[in-house]
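A note on names: the letters A, B, ... follow the listed sequences, proteins ahead of strands, and every chain is numbered from 1.
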2 protein chains.
Amino acid sequence: MTERGFEATLSIGDATVTAKDIELLRAIDRTGSLSAAAASLGRSYAHLQRRVVELESEIGSLTTRQRGGADGGGTALTDRAHQLCARFDRLHAELTGVTTVDESVFHGTVTVRSGQIGTVETDIGPIRALVPETERTPVRVGVRSDAVVLDTPDGAANENETSRRNSYDGKVSSVDTQDGIVRIGVSINGHELRALLTAESCTRLDLAVGDPVCASFKATAARAVTDRSTADNR
Amino acid sequence: MTERGFEATLSIGDATVTAKDIELLRAIDRTGSLSAAAASLGRSYAHLQRRVVELESEIGSLTTRQRGGADGGGTALTDRAHQLCARFDRLHAELTGVTTVDESVFHGTVTVRSGQIGTVETDIGPIRALVPETERTPVRVGVRSDAVVLDTPDGAANENETSRRNSYDGKVSSVDTQDGIVRIGVSINGHELRALLTAESCTRLDLAVGDPVCASFKATAARAVTDRSTADNR
DNA sequence: CACCGATGTATCTATGCGGACACAACGTCG
DNA sequence: CGACGTTGTGTCCGCATAGATACATCGGTG
């Protein structure tokens with residue numbers, strides 16, 4: 001089976017901070033010295049020291065290093081370094097979300113465009129989606145399952161009162177609960193749209209296979225990519 | 001300024017396909033031969049050929065290579081290779097979404113947990129969010145702006161009829177239109193939640209600075225990360 | 001049957017990354 | 001003032017990546 005992965009990076013100017021660098025900073029924070037961090041990571045001191053100097057020359061102070069003294073000295077992280085780690089963690093978490101959550105794909109052609117937003121005619125009907133300028137018809141539209149909202153058919157909000165631009169009526173085709181999270185398949189015009197719900201929401205809506213539901217998602221959560229292939233995917 | 005980036009990968013078994021490999025396959029598809037692809041990419045033929053063989057030995061047939069013949073032979077991609085490219089494109093598009101879209105962050109502590117879902121007490125109130133087992137209080141909760149739905153205060157759907165678990169009343173604090181897409185800042189209890197809307201939705205809801213709105217998002221679209229830092233971020 | 005243009009394959013080399021190691025510098029403490 | 005545990009620096013080596021080159025192979029075509 002094919003698995004989606006990534007490597008996160010943070011760029012500051014022309015410097016690029018990778019997961020390795022963050023790991024390095026964390027080790028320094030944990031141990032209080034470069035040499036102990038090197039030992040803890042099983043890497044050479046020389047390399048760590050050089051990398052720290054290189055990073056600091058590119059993106060400014062990250063550590064306060066001190067040599068000599070009662071304890072022989074040591075290295076501590078600056079606030080800037082802590083912030084960097086925090087930012088990296090958030091990015092990593094978000095990207096992990098993307099690779100974890102599954103996605104529904106619909107083929108179609110772009111009919112209307114205004115700026116970055118376009119309307120794509122698909123098998124389940126028109127989808128308002130984010131269509132970058134560079135993408136060309138035919139396209140595939142991807143919808144993240146964690147962006148799909150389910151409502152009871154009659155409970156769907158008035159179109160003039162919400163910012164959700166895509167709404168489709170369908171039937172629940174599959175329910176798969178796991179660890180407080182429920183994956184739901186919604187069959188719309190013979191095609192499946194997948195949604196991710198909390199178990200609580202699922203019981204609250206009282207969803208079961210065969211029930212009618214209204215699935216909706218924001219245009220900004222749907223993304224179109226040019227469809228280069230002739231064959232189907234997955 | 002610091003920019004978020006990534007490198008996408010697809011793993012099949014123990015093989016990992018990178019952007020470079022996809023570029024390679026695309027060049028083969030475009031030119032019809034390994035040697036022409038190598039020239040087109042400005043890389044050595046030997047390396048390309050080796051990489052193709054390596055990839056195929058790990059993940060199965062990707063090309064039909066033929067030598068001899070009127071044209072001397074050539075190389076074409078199999079459907080499997082096309083599918084691989086398509087999958088990669090989708091992943092790339094989604095990840096790009098993450099790094100492009102901005103995110104609101106709230107600090108808080110986890111109070112209730114059931115499976116992967118937890119309740120985080122924050123400055124804007126309780127947030128139901130995805131809290132991986134490994135994450136510990138205190139946490140920071142990140143909410144992608146493209147997952148935030150805005151409604152008119154009175155138009156918000158009945159809580160029993162929707163799968164959105166987080167809903168907050170606030171006031172529009174900023175509106176920034178660009179290229180058919182509107183970034184909106186919503187002030188909730190003195191803290192800002194950012195939302196991404198289509199220009200159309202924005203005019204439909206008739207949003208302007210100072211207007212009251214109801215902002216909501218799904219629990220599965222909010223992610224918590226342990227808050228290691230003492231300092232604030234960004 | 002030689003030619004051509006492509007694919008296979010082997011070998012050599014340049015480059016960069018990172019570990020290993022040696023040694024200097026530093027500042028407090030006994 | 002010497003010991004100690006750090007940081008700072010330079011040099012060497014092993015390894016992996018990838019270009020350069022050379023040569024064999026294949027199969028139509030003139």
Asks: Mind listing the closest non-hydrogen atom pair of A:Arg80 and A:Ile59 along with its distance?
Replies: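 For A:Arg80 versus A:Ile59, the nearest heavy atoms are NH2-O, 2.7 Å.
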
Asks: How many Å lie between CZ on A:Arg67 and P on D:dG8, as a whole number?
Replies: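 In whole Å, D:dG8 P lies 6 Å from A:Arg67 CZ.
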
Asks: Nearest 0.5 angstrom please: A:Thr16 OG1 to A:Asp21 CG, how far?
Replies: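 Interatomic distance, A:Thr16 OG1 to A:Asp21 CG, rounded to 0.5 Å: 9.0 Å.
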
Asks: So which one's nearest nucleotide on DNA chain C is more toward 5', B:Tyr45 or A:Gly68?
Replies: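 Its nearest nucleotide being more 5', the pick is B:Tyr45.
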
Asks: State, to the nearest 10°, the angle formed by the axis through the first five base pairs of the helix from C:dC1-D:dG30 to C:dG30-D:dC1 and the axis through its last five.
Replies: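 Axis angle across the helix from C:dC1-D:dG30 to C:dG30-D:dC1, nearest 10°: 20°.
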
Asks: So if I take every side-chain heavy atom of B:Ala70 and compare against D:dT9, D:dG28, C:dG19, which nucleotide ends up nearest?
Replies: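 Between D:dT9, D:dG28, C:dG19, the one nearest the side chain of B:Ala70 would be D:dG28.
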
Asks: For A:Ala46, report the nucleic acid contact type (base, sugar-phosphate, nothing); a contact means any heavy atom under 4.0 Å.
Replies: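 Contact class for A:Ala46: base.
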
Asks: Below 4.0 angstrom from OP1 or OP2 of C:dG5, is there any side-chain N or O of B:Ser35?
Replies: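 B:Ser35 to C:dG5 OP1/OP2: no side-chain N or O under 4.0 Å.
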
Asks: Classify the nucleic acid contact of A:Gly72 as base, sugar-phosphate or nothing, counting any heavy atom under 4.0 Å across all strands shown.
Replies: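 The residue A:Gly72 makes base contact.
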
Asks: Whole angstrom is fine here: how far is it from NE2 in B:His47 over to P in D:dA16?
Replies: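 One finds 15 Å between P of D:dA16 and NE2 of B:His47, rounded.
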
Asks: From C-beta outward on A:Ser33, which listed nucleotide comes closest to its side chain: C:dG8, C:dA6, D:dT6?
Replies: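 Closest nucleotide to the A:Ser33 side chain: D:dT6.
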
Asks: Could you state the CD-P distance from B:Gln49 to C:dA6, rounded to the nearest angstrom?
Replies: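 Rounded to the whole Å, the gap is 15 Å.
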
Asks: Do the side-chain N or O atoms of A:Arg65 get closer than 4.0 angstrom to the phosphate oxygens (OP1, OP2) of D:dT6?
Replies: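 No.
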
Asks: Measure from CG on A:Leu34 to P on C:dG19 and round the result to the nearest Å.
Replies: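 Those two atoms, CG and P, are 14 Å apart.
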
